[in-house]
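Protein chains get the first letters and strands the later ones, always in sequence-line order, with residue 1 at the start of each.
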Number of protein chains: 2
Amino acid sequence: MQKAHHPELGEIALTEVMAALSDPIRVGLVRVLADGRERGWGQLRAPVAKSTLSHHLRVLRDAGLTRTRQEGTRCYVTLRGDDLQARFPGLLQVVLSAMEIDDVGSQVGLRDGADP
Amino acid sequence: MQKAHHPELGEIALTEVMAALSDPIRVGLVRVLADGRERGWGQLRAPVAKSTLSHHLRVLRDAGLTRTRQEGTRCYVTLRGDDLQARFPGLLQVVLSAMEIDDVGSQVGLRDGADP
DNA sequence: TTCGATGTTCGTGAAACGTCGAACAAGCTA
DNA sequence: TAGCTTGTTCGACGTTTCACGAACATCGAA
């Protein structure tokens with residue numbers, strides 16, 4: 001497996017962030033990660049094949065929205081909340097609110113048994 | 001010419017707004033309209049063919065970001081600032097700030113001779 | 001009525017996207 | 001070592017997007 005590439009703070013581009021947030025599955029993933037807690041790949045539940053889920057997580061990572069940490073054979077994902085706040089102040093907050101208003105991405109969740 | 005379709009307030013979808021803002025030309029158009037003033041189609045200057053510009057304006061309109069008014073054979077475009085504020089409070093404001101931080105869409109402007 | 005200006009629509013092509021299943025790589029575990 | 005688990009990568013497929021020029025429709029002006 002390749003070492004995942006994460007853009008640095010200054011490399012995070014607005015249009016890529018927007019593009020990443022233009023898909024309901026990815027919005028759902030962001031929503032699940034919104035509490036700031038790190039989640040295991042396997043905890044994430046989305047109505048797509050695992051290869052597709054892998055693709056979406058890659059788009060989020062490449063856009064700078066999430067960070068992926070590998071530990072042995074498993075991966076853990078976090079939202080880059082602080083970095084986003086530093087780069088585009090207020091953006092994440094407002095988008096998270098908008099997600100709930102529009103109820104986008106509710107098809108994505110956590111596997112049963114995950115912490116609330 | 002077909003009468004342009006504008007989504008109503010409640011029909012404005014977050015993912016479509018995000019998709020609309022994932023292209024630098026469209027971001028530039030929003031930026032030009034950010035002062036809230038109505039602009040004539042012909043005042044807008046972007047480095048694409050006019051059919052392509054028409055396409056981008058349509059995407060913005062369909063997403064609910066702009067409103068197009070027709071008068072005779074000319075069109076006038078405005079940003080739906082109030083509607084957006086009502087639907088997704090704070091979003092437009094924050095995105096406009098982000099646009100300047102990242103300097104996206106600066107290739108789009110107004111034709112010489114337009115009001116500042 | 002004829003002409004010119006203004007946008008939209010159409011046809012086309014190249015590129016990107018979302019999706020899947022299959023194959024693969026890397027690390028635990030028995 | 002052999003096998004299992006975990007996630008990524010690889011083609012393939014159909015859809016959507018962006019881009020252009022050409023053709024079109026509509027209205028104002030001459």
State which residues pass salt bridge (Lys or Arg N to Asp or Glu O under 4.0 Å) with R69(B); sequence neighbours excluded, sorted by chain then number.
E38(B), E71(B)

Set of residues satisfying salt bridge (Lys or Arg N to Asp or Glu O under 4.0 Å) with respect to D82(B), sequence neighbours excluded:
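So D82(B) forms no salt bridge (Lys or Arg N to Asp or Glu O under 4.0 Å) with any residue.
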
Rounded interatomic separation in angstrom, taking [atom1] from [X] and [atom2] from [N]:
X: Y76(A); N: dG27(C); atom1: OH; atom2: C1'; value: 13 Å
X: L57(B); N: dT9(C); atom1: CG; atom2: P; value: 12 Å
X: R74(A); N: dA25(C); atom1: CZ; atom2: C1'; value: 16 Å
X: D62(B); N: dT8(C); atom1: CG; atom2: P; value: 11 Å
X: Q43(B); N: dG7(C); atom1: CD; atom2: P; value: 10 Å
X: H5(B); N: dT8(C); atom1: NE2; atom2: C1'; value: 17 Å
X: R45(A); N: dT6(D); atom1: CZ; atom2: P; value: 17 Å
X: R39(A); N: dG7(D); atom1: CZ; atom2: C1'; value: 19 Å

At a cut-off of 3.5 Å, list every protein nitrogen or oxygen paired with a nitrogen or oxygen from nucleotides 18-20 of chain D, distance to 0.1 Å.
from: dC18(D); atom 1: OP1; to: R26(B); atom 2: NH1; distance (Å): 3.2
from: dC18(D); atom 1: OP1; to: R26(B); atom 2: NH2; distance (Å): 2.8
from: dC18(D); atom 1: OP2; to: R26(B); atom 2: NH1; distance (Å): 3.1
from: dC18(D); atom 1: OP2; to: H55(B); atom 2: NE2; distance (Å): 3.1
from: dA19(D); atom 1: OP2; to: H56(B); atom 2: NE2; distance (Å): 2.4
from: dC20(D); atom 1: OP2; to: A49(B); atom 2: N; distance (Å): 2.8
from: dC20(D); atom 1: OP2; to: T52(B); atom 2: OG1; distance (Å): 3.0

Can you list everything that forms a side chain to side chain contact (heavy atoms under 4.5 Å, CB included) with [X]? Sequence neighbours excluded, please.
X: S106(B); answer: R31(B), D103(B)
X: E8(A); answer: E11(A)
X: Q107(B); answer: P24(B), I25(B), P47(B)

How about CZ on R45(B), more than 12 heavy atoms from neighbouring residues, nucleotides or ligands closer than 6.0 Å, or not?
yes

Between V17(A) and L91(A), is a side chain to side chain contact (heavy atoms under 4.5 Å, CB included) present by the stated rule, with each step listed?
CA-CA 10 Å; V17(A) 171; L91(A) 181 61; 4.3 Å; yes

I'd like to check the side chain to side chain donor-acceptor pair (under 3.5 Å) partners of Q43(B); sequence neighbours left out, ordered by chain and number.
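Q43(B) satisfies side chain to side chain donor-acceptor pair (under 3.5 Å) with R39(B) only.
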
For nucleotides 12-15 of chain D, print each protein N/O atom paired with a nucleotide N/O atom at under 3.5 Å, atom names and distance only.
none

Inter- and intrachain pairs under salt bridge (charged side-chain N to carboxylate O under 4.0 Å, His left out), touching residues 83-92 of chain A, at least two apart:
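As it turns out, the salt bridge (charged side-chain N to carboxylate O under 4.0 Å, His left out) pairs with a partner in residues 83-92 of chain A, which skip direct neighbours, are R67(A)-D83(A), R80(A)-D83(A), R87(A)-D102(B).
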
Taking only side-chain nitrogens and oxygens of T73(A), does any of them come within less than 4.0 Å of OP1 or OP2 of dA26(C)?
no

Does W41(A) put a side-chain nitrogen or oxygen below 4.0 Å from OP1 or OP2 of dT8(D)?
yes

